[in-house]
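See structure below.
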Amino acid sequence: QVQLVESGGGAVQAGTSLRLSCVASGSIFSINRMGWYRQAPGKQREFVASISSGGDTLFLDAVKGRFAISRDFAKRTVYLEMNRIKPEDTAVYFCELVGLSSDHTEMRAWGQGTQVTVSS
């Protein structure tokens with residue numbers, strides 16, 4: 001059983017920065033990648049960013065140049081640095097982990113989400 005807990009969300013002003021964190025725990029043998037998705041009211045959940053164990057990163061086009069993702073997989077942690085944040089970034093942000101569980105089966109786990117609200 002794997003649990004992901006996000007933190008760092010809140011209400012912020014446009015143009016400022018925010019850092020989200022996600023810590024994973026449970027029966028994790030190895031991590032292939034961790035990342036972030038977001039879901040705004042009435043919209044589908046969308047991919048935001050991910051980082052692999054080797055450090056390869058992917059970003060949603062809308063956040064390229066503004067967001068950064070980093071990880072400390074030894075601590076089972078991933079971060080999302082959101083800079084020059086915009087009202088359109090308002091959403092619930094979910095942490096994702098893809099890897100192998102302790103029984104070596106593939107797994108994909110999600111956190112409960114953390115709310116980010118950006119006012120202009």
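- Screening residues 68-78 for side-chain hydrogen bond (donor to acceptor under 3.5 Å, both in side chains), with sequence neighbours left out, gives no hits.
- Here salt bridge (charged side-chain N to carboxylate O under 4.0 Å, His left out) pairs that include residues 4-20, with residues two or more places apart or in two chains, are Arg19-Glu81.
- Ser50 contributes no side-chain N or O that, together with a main-chain N or O of Gly35, makes up a donor-acceptor pair within less than 3.5 Å.
- Tyr79 OH to Met34 CE: the interatomic distance, rounded to the nearest 0.5 Å, is 10.0 Å.
- Taking the side chain to side chain contact (heavy atoms under 4.5 Å, CB included) definition, one finds that Lys43 meets it with Ala40, sequence neighbours left out.
- Every residue two or more places apart in sequence or in another chain was checked for a salt bridge (Lys or Arg N to Asp or Glu O under 4.0 Å) with Asp56, and none qualifies.
- Residue pairs meeting the side-chain hydrogen bond (donor to acceptor under 3.5 Å, both in side chains) criterion with at least one member in residues 25-36, sequence neighbours excluded: Gln3-Ser25.
- Both Leu80 and Leu60 belong to a common hydrophobic cluster when Ile, Leu, Val, Met, Phe, Trp and Tyr are linked at side-chain heavy-atom distances under 4.5 angstrom.
- With sequence neighbours left out, Val116 forms a side chain to side chain contact (heavy atoms under 4.5 Å, CB included) with Leu18, Leu20, Met82, Ile85, Tyr93, Val118.
- Residue pairs that meet the disulfide bond (SG atoms under 2.5 Å apart) test with at least one member in residues 25-58, sequence neighbours left out, do not exist here.
- Under the side chain to side chain contact (heavy atoms under 4.5 Å, CB included) criterion, Thr57 pairs with Ile51, Phe59, Ile69, not counting sequence neighbours.
- Clustering ILVMFWY residues whenever any of their side-chain heavy atoms sit less than 4.5 angstrom apart, transitively, puts Phe73 in the very cluster that holds Val2.
- From Gln13, atom CD reaches atom OG of Ser120 across 8.5 Å, with rounding to the nearest 0.5 Å.
- Applying the disulfide bond (SG atoms under 2.5 Å apart) rule to pairs touching residues 8-120 yields Cys22-Cys95, sequence neighbours excluded.
- Cluster membership for Leu4 and Met107, using ILVMFWY side-chain heavy atoms within less than 4.5 angstrom, is shared.
- Put simply, Phe47 and Trp110 are part of the same group of oily side chains (I, L, V, M, F, W, Y) that touch within less than 4.5 Å, one to the next.
- The 12-atom threshold is not exceeded at CZ of Phe29, counting heavy atoms of other residues, nucleotides or ligands nearer than 6.0 Å.
- Between Arg45 and Val92, the closest side-chain pair of non-hydrogen atoms is not below 4.5 Å.
- Every pair passing salt bridge (charged side-chain N to carboxylate O under 4.0 Å, His left out) that includes a residue from residues 82-93 is listed here, sequence neighbours excluded: Arg38-Asp89, Arg66-Asp89.
- Within the structure, the salt bridge (charged side-chain N to carboxylate O under 4.0 Å, His left out) test picks out the following pairs touching residues 98-116 (sequence neighbours left out): Glu96-Arg108.
- Residues passing the side-chain hydrogen bond (donor to acceptor under 3.5 Å, both in side chains) test with Thr117, sequence neighbours excluded: Gln115.
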